[in-house]
Amino acid sequence: MASRKTMHQNRDNGDKYSVLLPTYNERENLPLIVWLLVKYLGESGHNYEIIVIDDGSPDGTLEVAEQLQKIYGEDRILLRPRAKKLGLGTAYIHGMKHASGNFVIIMDADLSHHPKFITEFIEKQKEGNYDLVSGTRYRGNGGVYGWDLRRKLISRGANYLTQVLLRPGASDLTGSFRLYKKKVLENLVERCVSKGYVFQMEMIVRARQLNYTVGEVPISFVDRVYGESKLGGNEILSFVKGLITLFATT
């Protein structure tokens, strides 16, 4: 096992992967997602850290994160909480400030993104030296599980509309499971103006504008196991508004 691990570390050439986990009311999901991250990243021998950005969860998510830090160590689990819910874009900015890796992985903490795909992201990135690698539900053997027809139609429709209007050069624009070169992510976040559901889409559109290269890995997306889904009427409305704004400004 040691020789296999050494081989992987040599292959990494000193690369380090910082996983950003924005959380809000994820006390049930956090122990499992962290365990899976430690398992898959540890077994593949990659150097990594997990940065938990909790936005003042009233359900005790931060206390659970503190317990996990005791189990796995402060060098593996970094806690960078904020006082209240301030949105995904700012959570990434906050997390990046504390990331010591030259690559940043963004994903949801609600078990909809399986950490087993991260090693595929890393391999894909190395294969083409991509600036970012995005998980796609719409190519190859990618797919969505646990969504009703309405959610699937909204997601497909949103993606199709965006493809037609913006021609972004990627097949899944609203997903939030991605690997970025840290400098690329910093550059993109600086330029992004959207909030919420549109934010991920704008990141890909801006990447294309700046001629960054995008690789894709098919993923299975599983609807959240515990807690409330975040997609409601307001999100759909803000998505359409954001899409029109992006179309007008890019």
Side-chain angles (χ1 to χ4, degrees), residues 8 12 15-54 61 64-65 68 71-72 76-78 88 91-92 95 99 101 103-127 130 132-148 151-152 155-156 159 170-180 185 197 199-200 203-204 214-231:
H8 278 293
D12 275 355
D15 289 332
K16 184 175 182 182
Y17 299 89
S18 299
V19 182
L20 303 188
L21 275 186
T23 57
Y24 187 76
N25 288 350
E26 299 289 0
R27 63 169 291 134
E28 289 102 339
N29 297 318
L30 196 61
L32 187 49
I33 195 79
V34 167
W35 180 80
L36 287 166
L37 281 164
V38 170
K39 173 180 160 62
Y40 284 97
L41 284 164
E43 280 178 5
S44 57
H46 296 298
N47 188 11
Y48 70 96
E49 63 185 2
I50 300 164
I51 302 172
V52 180
I53 306 136
D54 186 63
T61 299
V64 170
L68 292 167
I71 294 165
Y72 297 108
R76 282 282 180 241
I77 313 284
L78 284 71
L88 205 53
Y92 293 145
F103 286 97
V104 174
I105 293 158
I106 63 165
M107 64 188 298
D108 294 343
D110 62 7
L111 299 175
S112 54
H113 299 144
H114 200 303
K116 69 182 178 184
F117 293 112
I118 290 175
T119 48
E120 291 180 44
F121 281 31
I122 293 170
E123 278 162 27
K124 184 76 179 177
Q125 192 282 322
K126 289 186 183 311
E127 194 183 287
Y130 290 106
L132 74 105
V133 174
S134 180
T136 176
R137 297 161 290 184
Y138 305 124
R139 276 214 177 132
N141 55 359
V144 174
Y145 301 90
W147 275 6
D148 59 19
R151 286 288 301 270
K152 284 184 179 175
S155 179
R156 282 276 184 185
N159 218 50
S171 65
D172 190 345
L173 302 156
T174 53
S176 51
F177 193 3
R178 294 177 188 162
L179 164 68
Y180 291 87
L185 182 59
Y197 198 52
F199 175 77
Q200 305 296 358
M203 295 283 277
I204 294 270
V214 182
E216 291 193 311
V217 169
I219 60 159
S220 326
F221 174 95
V222 181
D223 197 23
R224 59 180 300 126
V225 182
Y226 298 106
E228 295 281 319
S229 174
K230 299 177 184 81
L231 184 66

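These figures come from a predicted structure and were not determined experimentally.
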[X] side, atom [atom1]; [Y] side, atom [atom2] - distance, nearest 0.5 Å:
X    : Y    : atom1 : atom2 : answer
I50  : Y72  : CD1   : OH    : 8.0 Å
I118 : S44  : CD1   : OG    : 9.0 Å
I105 : L20  : CD1   : CG    : 9.0 Å
D172 : R137 : CG    : CZ    : 4.0 Å
Y17  : F121 : OH    : CZ    : 12.5 Å
I204 : F199 : CD1   : CZ    : 11.0 Å

Please find the pair of heavy atoms, one from [X] and one from [Y], that lie closest to each other, and give the distance.
X    : Y    : result
S18  : G101 : OG-N, 2.9 Å
V52  : A65  : CG1-CB, 4.3 Å
E216 : R139 : OE1-NH1, 2.5 Å
T61  : E26  : OG1-N, 2.9 Å
P31  : V64  : CG-CG1, 3.7 Å
A99  : I51  : CA-CD1, 3.6 Å

Is [Y] close to [X] at the side-chain level, that is, under 4.5 Å between some pair of heavy atoms?
X   : Y   : value
V19 : L41 : yes
Y48 : V38 : yes
I71 : V34 : no

So H113 and F221, would you call those rings parallel, tilted or perpendicular, with 30° and 60° as cut-offs?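 H113 vs F221 ring planes: perpendicular.
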Run the side chain to side chain contact (heavy atoms under 4.5 Å, CB included) check on L132 and M203 step by step: do they pass? CA-CA 10 Å; L132 74 105; M203 295 283 277; over 6 Å; no
I'd like to know if E123 pairs up with K126 as an ion pair, taking the criterion as any Lys NZ or Arg NE/NH1/NH2 lying under 4.0 Å from an Asp or Glu carboxylate oxygen.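 So E123 does not pair with K126 through a salt bridge.
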Any donor-acceptor N/O pair, D110 side chain to S112 backbone, under 3.5 Å: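 It does hold such a pair.
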Please enumerate all residues that pass side chain to side chain donor-acceptor pair (under 3.5 Å) together with K39, with sequence neighbours excluded.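 Per chain and number, K39 pairs via side chain to side chain donor-acceptor pair (under 3.5 Å) with E43.
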For Y40, ring pair (Phe, Tyr, Trp, His ring centres under 6.0 Å) partners two or more places apart: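 Y40 satisfies ring pair (Phe, Tyr, Trp, His ring centres under 6.0 Å) with H114 only.
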